[in-house]
Amino acid sequence: MLNVNDIRDNKEEYIRLLKIKNFDASSVFEILIRKDNDRKLLQQKNDELLFKANKLAKEIGALYKEGKKLEADELKAKSLILKKKTKELHFKKESLEKEIYEKLKDIPNIPHSSVTNGETEKDNIIIKESGKIPILVNNALTHWELASKYNLIDFELGNKITGSGFPVYIDKGAKLQRSLISYFLDKNINAGYKEFIPPHLVNEDSAFGTGQLPDKDDQMYHVKLDNLYLIPTAEVPITNLFRNQIIDQNSLPIKCTSFTPCFRREAGSYGKDVRGLNRLHQFDKVEIVQLQTPEKSYQTLDEMVNHVSNILDELDLPYRIVKLCGGDLSFTSSLTYDFEVYSAAQKRWLEVSSVSNFENYQSNRLKLRYKDKNGKKYLCHTLNGSALALPRIFAAILENYQTEKGIIVPKVLQSYMDLTIIN
RNA sequence: GGAGAGAUGGCAGAGUGGUCGAAUGCGGUGGUCUUGAAAACCAUUGUGCAGCAAUGUACCGGGGGUUCGAAUCCCUCUCUCUCCGCCA
């Protein structure tokens, strides 16, 4: 969520930048600034009245002690009038604040100045391509065919016990999955990230803090009886670890990593690119999260992008990094780089990571701040990315590493798998 | 699921109608002392909002109420803990 003071200070620039996200902010900003000015006036007036009322109350107390009951009763009458007025002002202010909030929550985050115009993913900019696309055997199989051929994943069993989008990993499939998780976590920990295993269900406050509520509640699984939500990503519990905190600047950046399953209803996306592991309701992901000062957050974003690149290099998968255009950028992000690996049998690029800087859009809502040497408080910048999402990496490994003899295990995974080929 | 207790500043913990934004201890920060450190001593140390500032105002789990005046009384919600039961 943006805050009004920033909007007031940077109005024209914000309007210009939000156009890149195809959001016309000019009239909303006018309304917001006007309402906020009204709010300030109300605050001043109300404080003044309360000041008087507080003073009267003290005087009344003193008079009672002196036994001057009559004079005290006179002041009481005065005080009652004041009290009535302050109550009125209080409610006015409250409703004004609510109106301001309602407007603010519908304004997307300001894109970074380097974000380009564009409507859809077609307008994204490929900033790096790496690795070479493998030449596959003649009748190369897709990952779902390979998964079934080598009995690595049973999609039918998942249908039986839950429904579509809930695969069952079996035997070497399960081990490959587990190896990838361990490998990713080890890489992240070596890069200075601290590992967390958070709860997989979160309360309303947490879902609100990272912005899934109030608007995206239909994308989360909801446990009604306890009013808890299954996490759609580790970002939710991990970022919320720091909700309502004031962090010492010296302890920034804070770097966290976490492996969790992710649960997504994916309402409305049925029937679209959903074969095999391409789109699931439950999938595993290793996430990285950083908290950083505004001055260094873009440096940190680059660092995170390099880190993810490094993992994909080691896995020897062909990938490209895409910088999202304004139209494709998410509501809450200022700048996002997507990582896509090439899945050679499907002949498709699959998104496996999305690394974003949210600047203070999340932290404003989370009340996540840091304190500098002089004790001044500022909102943190929050960043996160996948390092990495499992299913599509799994898919790409099966497809790209397939040979007539079986699926070669990528070098860096061999020690985890205790195996060099799946056949 | 049954019974009970509780929610106060970074933590611990006092405070049952005015002098309480809140004692005290621990912790943090700064200083004195010291060659340095420890100890000791002194000072300082919550957050939001409004204001250039002085300052004002709000906040003692959330919401509502009583009162001239509420951390303190009443109502309500939420959460936490303890014991019993069940169970990994």
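Proteins come first, then strands; the chains are lettered A, B, ... in the order of their sequence lines, and each starts at number 1.
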**Student:** How long is the span from the CD atom in A:Glu74 to the NZ atom in A:Lys68, to the nearest 0.5 Å?
**Tutor:**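 So the gap between those two atoms works out to 12.5 Å.
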
**Student:** Scan every strand shown for a Watson-Crick or G-U wobble partner of B:rA58, both distances under 3.5 Å, and answer none if you come up empty.
**Tutor:**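 When the pairing criteria are applied, B:rU47 turns out to be the nucleotide that pairs with B:rA58.
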
**Student:** How do A:Lys83 and A:Asn46 order along RNA chain B: which one's closest nucleotide is nearer the 5' end?
**Tutor:**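 Mapping each residue to its closest nucleotide by heavy atoms, the 5'-most match is A:Asn46.
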
**Student:** Taking for each residue the nucleotide of RNA chain B with the nearest heavy atom, is it A:Leu50 or A:Lys58 whose nucleotide lies nearer the 5' end?
**Tutor:**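 On the 5' side of the pair lies A:Lys58.
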
**Student:** Could you identify the nucleotide paired to B:rC33, looking across every strand shown and requiring Watson-Crick or G-U wobble geometry with both distances under 3.5 Å?
**Tutor:**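 Check on B:rC33: unpaired, no WC or wobble geometry under 3.5 Å.
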
**Student:** What is the pairing partner of B:rA23, taking Watson-Crick or G-U wobble pairs with both distances under 3.5 Å in any strand?
**Tutor:**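 Matched B:rA23 with nothing under the 3.5 Å cut-off.
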
**Student:** With both distances kept under 3.5 Å, what pairs with B:rA3, Watson-Crick or G-U wobble?
**Tutor:**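 With both distances under 3.5 Å, B:rA3 matches B:rU82.
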
**Student:** For B:rG17, which nucleotide in any strand shown is its Watson-Crick or wobble partner with both distances under 3.5 Å?
**Tutor:**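 Base partner found: none.
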
**Student:** Is it true that A:Asp24 and A:Lys19 make a salt bridge, defined as a side-chain N closer than 4.0 Å to a carboxylate O?
**Tutor:**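 Result for this pair is no, no salt bridge flagged.
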
**Student:** How would you list, by chain and number, every residue that makes a salt bridge (charged side-chain N to carboxylate O under 4.0 Å, His left out) with A:Glu30, sequence neighbours excluded?
**Tutor:**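 Partners of A:Glu30 by the salt bridge (charged side-chain N to carboxylate O under 4.0 Å, His left out) criterion, ordered by chain and then number, come out as A:Lys11.
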
**Student:** Looking at B:rA70, which nucleotide sits across from it as a Watson-Crick or G-U wobble partner, both distances under 3.5 angstrom, or is there none?
**Tutor:**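 Base partner found: none.
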
**Student:** With a 3.5 Å limit on both atom pairs, tell me what B:rA38 is paired to, counting Watson-Crick and G-U wobble, or say none.
**Tutor:**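 Across any shown strand, B:rA38 pairs with none.
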
**Student:** Are the charged groups of A:Asp73 and A:Lys69 less than 4.0 angstrom apart, N to O?
**Tutor:**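 Salt bridge between A:Asp73 and A:Lys69, a charged N being under 4.0 Å from a carboxylate O: yes.
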
**Student:** Check every nucleotide of RNA chain B for an atom under 4.0 Å from a heavy-atom of chain A, then give the first and the last such nucleotide from 5' to 3'.
**Tutor:**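 So the outermost contacting nucleotides come out as B:rG18 to B:rG69.
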
**Student:** Is any side-chain N of the basic residue among A:Lys76 and A:Glu59 closer than 4.0 Å to the acidic one's carboxylate O?
**Tutor:**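 No salt bridge links A:Lys76 with A:Glu59.
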
